[in-house]
Amino acid sequence: MSFAAALPNAISFRTLPGWMLAILLLAVTIPVGIVSGPLARLLFIAGCGVLGWHVWKQSAASHLQVLLCLFCFAPFVRRVVDLFAGYDSTGLMLVGPLITMIVPAFTLWQALVSGRRFANVQIVPITIVAACTLYAGLLTVAQWDLMNAASGMIKGFAPLIYATALLLRNEPMEKLLEAAASAFLAILPVLGLYGIYQYVDPPQWDRYWMQSATILSAGYPVPYGVRTFSTMNSPGSFATFVEIGLILVLFLRSGPKALLLTAPCAIAFMLSMYRTAWISSAVVIAFCLLFHITRGRAFGAIVGSVAMILVALMTPFSEVITDRFASFFEGSNDSSARERFDQFVSLWEMPMSQLFGIGFSNVDVGVAGAMAVDGLFITCWLSMGLVVGMICIAALFLACGNAILAAFVTPSRNAIIVGALALGAIVHFPLANIMAGESGFLFWTFVVLLGSKAQAVRRPPA
């Protein structure tokens with residue numbers, strides 16, 4: 001159900017659509033946080049659990065819209081609450097969307113009790129990655145690092161649980177994609193307008209968070225010094241969500257309204273300075289050019305992208321965007337590329353070359369001498385070791401390969417879009433960890449799960 005179409009039907013609390021309940025929960029948390037302080041964090045997490053349970057019983061499509069709302073706006077609410085209640089270094093409120101994502105786990109328990117088994121090819125990579133995640137978690141527990149063990153396990157398992165629950169729900173891929181496109185059509189304008197405002201003059205809660213947190217990738221808390229992260233938790237997560245949102249809207253919606261609503265977000269997307277998402281978007285559009293069903297929309301996306309770049313170059317942001325695009329041609333002088341290469345060298349020179357892994361760790365890059373951990377390859381190698389890490393990465397490639405293959409076997413518009421997103425996800429592998437947390441939610445839901453056409457489960461013979 002689209003956001004606009006649901007408004008006339010909102011008669012009572014029980015009949016409110018899921019996305020409205022999510023917005024209501026987010027809106028109420030802010031004044032509660034101002035009045036009650038830290039208590040609001042626990043109330044928000046509890047509210048996310050109740051909301052997830054209620055909406056999952058309605059439909060998986062509605063639940064997907066709720067998750068998109070929570071992941072996009074919960075970090076903003078967290079920063080506002082932190083301004084009045086004090087900075088929370090654990091980011092407790094960010095657990096809320098993960099709890100909403102885990103709620104459908106009861107579906108898995110019912111399936112196990114009833115003896116149902118999967119007929120979906122994607123369950124193989126999901127199972128392998130789950131086993132590798134458990135291995136990293138046990139390594140962490142063995143070191144009595146219980147906080148990192150709990151954090152790593154919930155971030156790693158939540159997307160896997162949700163993807164498996166969607167498989168069991170057997171809801172059509174088309175319905176889920178339409179629900180996501182409808183949600184993004186309403187979310188992207190808010191992300192874009194706030195992101196531009198944040199770049200020009202970051203609000204007080206954003207400045208407070210940037211000064212308190214040890215995140216170095218968000219720039220500086222001064223006008224024209226922020227790498228836009230809008231209402232989200234980092235430029236990388238913001239750009240990754242916007243990338244998928246723009247692709248879904250541009251390929252599943254038509255008309256000037258969609259272009260007008262997404263234009264501010266396209267500019268904010270460039271102000272994130274997140275080149276990985278830029279490259280991934282180009283790869284996604286190029287993939288869609290291969291099929292006649294999506295070729296027209298792909299050409300339209302290219303024309304729209306060029307137009308938005310030209311518009312951005314006529315704004316006060318032109319210099320910083322131009323410099324960031326120019327960095328693609330710096331070659332060996334690209335400091336970001338050198339840092340990522342140095343991470344591989346440092347890890348290889350460690351004792352036993354991290355053959356067995358060290359488990360989940362929370363690296364504070366703000367501490368002198370701490371090695372940043374960027375990219376899926378480095379993350380798996382460090383946490384799981386060389387052997388188990390390679391198995392995990394192979395499973396992720398298998399999942400993407402299944403989605404890409406589905407686009408060629410059944411070349412419908414939806415299958416092609418998901419196959420393109422799977423290819424775009426591979427671009428993120430060396431540069432970002434998209435396996436866990438909010439990025440894992442996007443990966444397993446849009447890139448992996450929906451790429452498989454066989455979503456049924458069947459009972460074993462009596």
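Not measured: the values here are computed from a predicted model.
Ala422 and Ala403 get closest at one heavy-atom pair: CB-CB, 3.7 Å. Shown here for Ala149 and Phe360, the closest heavy-atom pair between the two residues is O-CD1, 4.4 Å. The shortest non-hydrogen separation linking Ile285 to Ser305 is CD1-OG, 4.4 Å. What you find for Leu252 and Leu177 is that their closest heavy atoms are CD1-O, 3.8 Å. Of all non-hydrogen atoms in Gly18 and Leu51, the two that sit nearest each other are O-CD1, 4.4 Å. Nearest approach of Trp444 to Pro125, heavy atoms of both residues: CH2-O, 4.2 Å.
Annotation: salt bridge (Lys or Arg N to Asp or Glu O under 4.0 Å) contacts of Arg413 (sequence neighbours excluded): none. The side chain to side chain donor-acceptor pair (under 3.5 Å) search around Trp278 returns none, not counting sequence neighbours. Checked against side-chain contact (heavy atoms from CB on, under 4.5 Å), Ile393 has the following partners two or more places apart in sequence or in another chain: Phe377, Cys380, Phe397. Residues that satisfy the side chain to side chain donor-acceptor pair (under 3.5 Å) test with Tyr135, not counting sequence neighbours, are absent from this structure. For the salt bridge (Lys or Arg N to Asp or Glu O under 4.0 Å) test, residues two or more places apart in sequence or in another chain that qualify with Lys175 are Glu171. With sequence neighbours left out, Arg227 forms a salt bridge (Lys or Arg N to Asp or Glu O under 4.0 Å) with no residue at all. Asn414 is linked by a side chain to side chain donor-acceptor pair (under 3.5 Å) to nothing, counting only residues two or more places apart in sequence or in another chain. Legend: residues meeting salt bridge (Lys or Arg N to Asp or Glu O under 4.0 Å) with Asp201, ordered by chain and number and at least two apart, are Arg207. Applying the side-chain contact (heavy atoms from CB on, under 4.5 Å) criterion to Pro97, with sequence neighbours excluded, gives Phe44, Leu70, Phe71, Ala74.
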Begin from the C-alpha positions of Leu191 and Val242 and carry the test side chain to side chain contact (heavy atoms under 4.5 Å, CB included) through to its verdict. CA-CA 8 Å; Leu191 294 182; Val242 169; 4.2 Å; yes

Run the numbers on Tyr224 and Val320 for side chain to side chain contact (heavy atoms under 4.5 Å, CB included), then give the verdict. CA-CA 9 Å; Tyr224 299 96; Val320 67; over 6 Å; no

Do Leu25 and Cys48 pass the side chain to side chain contact (heavy atoms under 4.5 Å, CB included) test, and can you show the C-alpha distance, the side-chain angles, and the key distance before you say yes or no? CA-CA 8 Å; Leu25 174 62; Cys48 286; 3.9 Å; yes

Step by step, would you call Tyr194 with Asp206 a side-chain hydrogen bond (donor to acceptor under 3.5 Å, both in side chains)? CA-CA 11 Å; Tyr194 184 85; Asp206 289 342; 2.6 Å; yes

Checking Ser230 against Gln198 for the side-chain hydrogen bond (donor to acceptor under 3.5 Å, both in side chains) test, could you report, in this order, the C-alpha distance in whole Å, the side-chain angles of both residues, the deciding distance, and whether it holds? CA-CA 7 Å; Ser230 189; Gln198 181 186 68; 5.7 Å; no

From CA spacing to verdict: side chain to side chain contact (heavy atoms under 4.5 Å, CB included), Phe287, Ile404: CA-CA 10 Å; Phe287 183 85; Ile404 295 170; 4.1 Å; yes

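In summary, the aromatic rings of Tyr162 and His63 are positioned with their centroids under 6.0 Å apart.
Residues Ser62 and Ser59 bring no donor and acceptor atom of their side chains to less than 3.5 Å of each other.
Residues Phe441 and Leu98 are not in side-chain contact: their nearest non-hydrogen atoms beyond the backbone lie 4.5 Å or more apart. A 4.5 Å side-chain heavy-atom check between Leu376 and Pro430 finds every atom pair outside the cut-off. Counting only heavy atoms from C-beta outward, the side chains of Gln58 and Val55 approach each other to under 4.5 Å. For the pair Tyr274/Thr240, a side-chain contact is recorded, criterion being any heavy-atom separation below 4.5 Å from C-beta on.
Pairs passing the side-chain hydrogen bond (donor to acceptor under 3.5 Å, both in side chains) check and including a residue from residues 89-100, sequence neighbours excluded, read Asp88-Thr90. The side-chain hydrogen bond (donor to acceptor under 3.5 Å, both in side chains) analysis of residues 26-53, with sequence neighbours excluded, yields the pairs Arg41-Asp82. Note on residues 226-263: pairs passing ring-ring contact (aromatic ring centres under 6.0 Å, His included), not counting sequence neighbours, are Trp209-Phe229.
Using modelled atom types, no side-chain atom of Ser383 and backbone atom of Gly359 make a donor-acceptor pair closer than 3.5 Å. No donor-acceptor pair under 3.5 Å is formed between the side chain of Ser280 and the backbone N or O of Thr276. Here the side chain of Ser237 pairs a donor or acceptor atom with the backbone of Ser234 at under 3.5 angstrom. The backbone N or O of Gly86 lies less than 3.5 Å from no partner atom in the side chain of Tyr208, so there is not a single donor-acceptor pair. Looking only at distances, no side-chain donor or acceptor of Arg275 sits under 3.5 Å from a matching main-chain atom of Arg324.
Here OG of Ser212 is found 12.0 Å from CZ of Arg79. Values are rounded to the nearest 0.5 Å. Taking CG of Leu248 as the start and CG of Leu421 as the end, the distance is 6.0 Å to the nearest 0.5 Å. A distance of 4.5 Å separates CG in Leu271 from CD1 in Ile321, rounded to the nearest 0.5 Å. Put simply, NE2 on His428 and OG on Ser439 are 8.5 Å apart, with the number rounded to the nearest 0.5 Å. Residue Met273 holds its CE atom at 9.0 Å from CG of Asp323, rounded to the nearest 0.5 Å. Here OG of Ser272 is found 9.5 Å from CE of Met270. Values are rounded to the nearest 0.5 Å.
Annotation: Tyr220, atom OH; neighbour count of heavy atoms from other residues, nucleotides and ligands within 6.0 Å does not exceed 12.
The aromatic rings of Phe76 and Trp205 sit perpendicular to each other, their planes meeting at more than 60°, with 30° as the lower class boundary.
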